*Asks:* 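One structure coming up, written as structure tokens, with questions to follow.
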2 protein chains.
Amino acid sequence: MRNFIENLNKAFESRVRLGIMSILMVNETVDFGTLKEQLQITDGNMASHLSALEKLKYIEITKQFIGKKPNTSYAASALGKKAFNDHLDALERLINKTN
Amino acid sequence: MRNFIENLNKAFESRVRLGIMSILMVNETVDFGTLKEQLQITDGNMASHLSALEKLKYIEITKQFIGKKPNTSYAASALGKKAFNDHLDALERLINKTN
DNA sequence: AAAAGTACTTTGTAATTCAAAGTTAATATA
DNA sequence: TATATTAACTTTGAATTACAAAGTACTTTT
């Protein structure tokens with residue numbers, strides 16, 4: 001391919017979204033509070049990054065009540081997993097410059 | 001450590017700077033024109049990313065004449081190499097979530 | 001009734017990115 | 001000598017992005 005940085009996915013350039021996705025790659029579902037705690041950002045910021053990933057269909061959202069408390073949990077979609085793996089592959093190739 | 005995304009280096013969040021550094025990790029020195037061609041961005045854009053990396057002392061610049069033409073070449077500094085490797089380590093840990 | 005918790009949305013500001021145009025200094029060409 | 005070209009910038013301006021803080025909706029707890 002001509003330009004090897006263009007295979008990097010813009011969606012994962014942000015450290016926050018990179019963090020969200022990497023968490024969702026190893027955990028089936030993770031809720032809002034846990035993500036916020038792990039990434040240590042404000043809830044508004046968290047919500048907007050989640051919404052960006054949702055718009056891309058990279059994550060799926062499940063709203064439920066746990067006990068009496070509302071709980072929103074997130075999971076990487078098949079599309080999201082593929083996109084993330086592709087991004088990691090691109091990163092790896094970039095770093096090893098094997099392309 | 002508490003928050004595992006904060007180990008990612010902000011300087012390498014940009015695909016362009018990521019590209020520059022990865023090229024300079026495997027090539028001792030690379031000149032302006034080659035970098036521009038590899039990354040396919042405008043010269044102004046190229047220059048500003050290079051200047052950002054230079055301000056951080058991540059790269060070193062050598063200006064010379066090759067034949068009759070001016071030629072500026074770039075190399076990763078020891079500091080830059082360390083920073084980049086640290087970033088890659090952080091990325092790897094993030095992805096494998098081994099922290 | 002008041003306070004608190006969850007998950008937002010909105011607002012405003014600051015930072016980042018980029019292309020395009022302008023600049024400098026040298027060389028090459030007419 | 002004047003003009004054009006090349007390399008490597010710098011400047012400008014616009015668009016996008018990121019973020020914190022504040023506000024909102026709905027519910028539960030006190």
Side-chain angles (χ1 to χ4, degrees), chain A residues 3 5-24 27 29-56 58-75 87 94, chain B residues 3 5-24 27 29-56 58-75 87 94:
Chain A
N3 171 1
I5 66 170
E6 78 195 9
N7 296 310
L8 296 173
N9 192 328
K10 269 220 139 197
F12 306 131
E13 250 179 291
S14 139
R15 66 217 276 119
V16 175
R17 289 192 300 274
L18 197 66
I20 292 170
M21 285 305 293
S22 77
I23 290 171
L24 295 183
N27 300 95
T29 66
V30 179
D31 64 27
F32 190 92
T34 304
L35 284 173
K36 210 185 71 170
E37 183 201 345
Q38 289 288 307
L39 301 177
Q40 299 197 144
I41 57 178
T42 56
D43 52 357
N45 196 5
M46 185 82 249
S48 78
H49 283 294
L50 286 168
S51 145
L53 290 172
E54 196 207 355
K55 249 169 225 144
L56 295 167
Y58 285 175
I59 61 174
E60 280 151 14
I61 301 188
T62 305
K63 283 163 192 280
Q64 60 178 341
F65 273 79
I66 289 183
K68 300 293 182 59
K69 291 182 182 174
N71 181 281
T72 308
S73 67
Y74 302 86
H87 179 74
L94 176 71
Chain B
N3 171 0
I5 66 169
E6 78 194 10
N7 297 310
L8 296 173
N9 193 328
K10 269 220 140 199
F12 306 132
E13 249 179 291
S14 140
R15 66 219 273 116
V16 175
R17 289 191 301 275
L18 196 66
I20 293 171
M21 285 305 293
S22 75
I23 290 171
L24 295 182
N27 299 94
T29 66
V30 179
D31 65 26
F32 190 91
T34 304
L35 284 174
K36 210 184 72 170
E37 183 200 346
Q38 289 289 307
L39 301 177
Q40 299 198 143
I41 57 178
T42 57
D43 52 356
N45 196 5
M46 184 81 250
S48 77
H49 282 293
L50 287 167
S51 144
L53 290 172
E54 197 207 355
K55 250 170 223 141
L56 294 168
Y58 286 175
I59 61 174
E60 279 151 14
I61 301 187
T62 307
K63 284 165 191 278
Q64 59 177 342
F65 273 79
I66 290 183
K68 300 294 182 59
K69 291 183 181 173
N71 181 281
T72 308
S73 67
Y74 302 87
H87 178 74
L94 176 71

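In what follows, every heavy atom counts, from backbone to side chain, and hydrogens, waters and symmetry copies are set aside. The sequence lines fix the lettering, A, B, ..., with proteins before strands; numbering per chain opens at 1. Note that this is a predicted model, so its numbers are computed, not measured.
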*Asks:* Check whether any side-chain N or O of His49(A) sits under 4.0 Å from OP1 or OP2 of dC19(D), and answer yes or no.
*Replies:*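 Affirmative; the distance criterion is met.
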*Asks:* If I take atom CG in residue Leu53(A) and atom C1' in nucleotide dT17(D), what distance separates them, rounded to the nearest angstrom?
*Replies:* 14 Å
*Asks:* Figure out the CG/C1' separation between Leu18(A) and dA18(D), and round it to whole Å.
*Replies:*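 It works out to 15 Å between those atoms.
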*Asks:* If I take atom NZ in residue Lys55(B) and atom P in nucleotide dT16(C), what distance separates them, rounded to the nearest angstrom?
*Replies:*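 In whole Å, dT16(C) P and Lys55(B) NZ are 11 Å from each other.
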*Asks:* Students often get this wrong, so: under 4.0 angstrom with heavy atoms, is Ser48(A) touching a base, only sugar-phosphate, or nothing?
*Replies:* nothing
*Asks:* My understanding is that only residues two or more places apart in sequence, or in another chain, count here; which of them pass side-chain contact (heavy atoms from CB on, under 4.5 Å) with Thr42(B)?
*Replies:*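 If we apply the side-chain contact (heavy atoms from CB on, under 4.5 Å) test to Thr42(B), skipping adjacent residues, the hits are Asn45(B).
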*Asks:* Can you measure Gln64(B) atom CD to dA25(C) atom C1' for me and round it to whole angstrom units?
*Replies:* 17 Å
*Asks:* Asn45(B) has an atom CG; how far is it from atom P of dG13(D), in whole Å?
*Replies:*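 In whole Å, dG13(D) P lies 18 Å from Asn45(B) CG.
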*Asks:* What is the distance, rounded to the nearest whole Å, between atom CG of Leu56(A) and atom C1' of dT17(D)?
*Replies:* 14 Å
*Asks:* In this structure, how many angstroms lie between the P atom of dC19(D) and the CZ atom of Arg17(A), rounded?
*Replies:* 9 Å
*Asks:* Ignoring hydrogens, what is the shortest heavy-atom contact between Tyr74(B) and Leu24(B)? Give both atom names and the distance.
*Replies:*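 Looking at all heavy atoms of both residues, the shortest contact is O-CD2, 3.4 Å.
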*Asks:* Counting C-beta onward and ignoring hydrogens, is there a side-chain heavy-atom pair between Leu35(A) and Leu50(A) closer than 4.5 Å?
*Replies:* yes
*Asks:* May I ask you to say what Lys36(A) touches in the nucleic acid, namely base, sugar-phosphate or nothing, with a heavy-atom cut-off under 4.0 Å?
*Replies:*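 If one applies the 4.0 Å heavy-atom cut-off, Lys36(A) turns out to touch nothing in the nucleic acid.
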*Asks:* Identify, with sequence neighbours excluded, every residue that meets salt bridge (charged side-chain N to carboxylate O under 4.0 Å, His left out) alongside Glu13(B).
*Replies:* Arg15(A)
*Asks:* Reckon Thr42(B) touches a base, only the sugar-phosphate, or nothing at all at heavy-atom distances under 4.0 Å?
*Replies:* base
*Asks:* Would you please name every residue forming a side-chain hydrogen bond (donor to acceptor under 3.5 Å, both in side chains) with Tyr58(A), sequence neighbours left out?
*Replies:*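 Expected list: Asn9(A).
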*Asks:* Applying side-chain hydrogen bond (donor to acceptor under 3.5 Å, both in side chains), can you list everything that pairs with Asp31(B), at least two apart in sequence or on another chain?
*Replies:*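 Applying side-chain hydrogen bond (donor to acceptor under 3.5 Å, both in side chains) to Asp31(B) gives Thr34(B), Asn71(B).
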*Asks:* CE of Met46(A) versus C1' of dT9(C): gap in Å, rounded?
*Replies:*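 So the two atoms are 15 Å apart, to the nearest Å.
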*Asks:* Does Ser14(B) make a side-chain N or O approach to OP1 or OP2 of dT16(C) shorter than 4.0 Å?
*Replies:* no
*Asks:* Any heavy-atom pair between the side chains of Phe12(A) and Ile20(A) that's under 4.5 Å?
*Replies:*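 Ile20(A) does not reach Phe12(A) side chain to side chain.
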*Asks:* Please encode protein proximity along nucleotides 24-30 of chain D as a string of B, S and -, counting only heavy-atom distances under 4.0 Å.
*Replies:* ----SS-
*Asks:* To the nearest 0.5 angstrom, please state how far the OG atom of Ser22(B) sits from the CZ atom of Arg17(B).
*Replies:*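 Answer rounded to 0.5 Å: 13.5 Å.
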*Asks:* Could you state the interatomic distance from CD1 (Ile23(B)) to OG1 (Thr29(B)), rounded to the nearest 0.5 Å?
*Replies:*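 Answer for the CD1-OG1 pair, Ile23(B) versus Thr29(B), is 12.5 Å.
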*Asks:* Set out, line by line, the N/O atom pairs under 3.5 Å between protein and nucleotides 11-15 of chain C.
*Replies:*
none

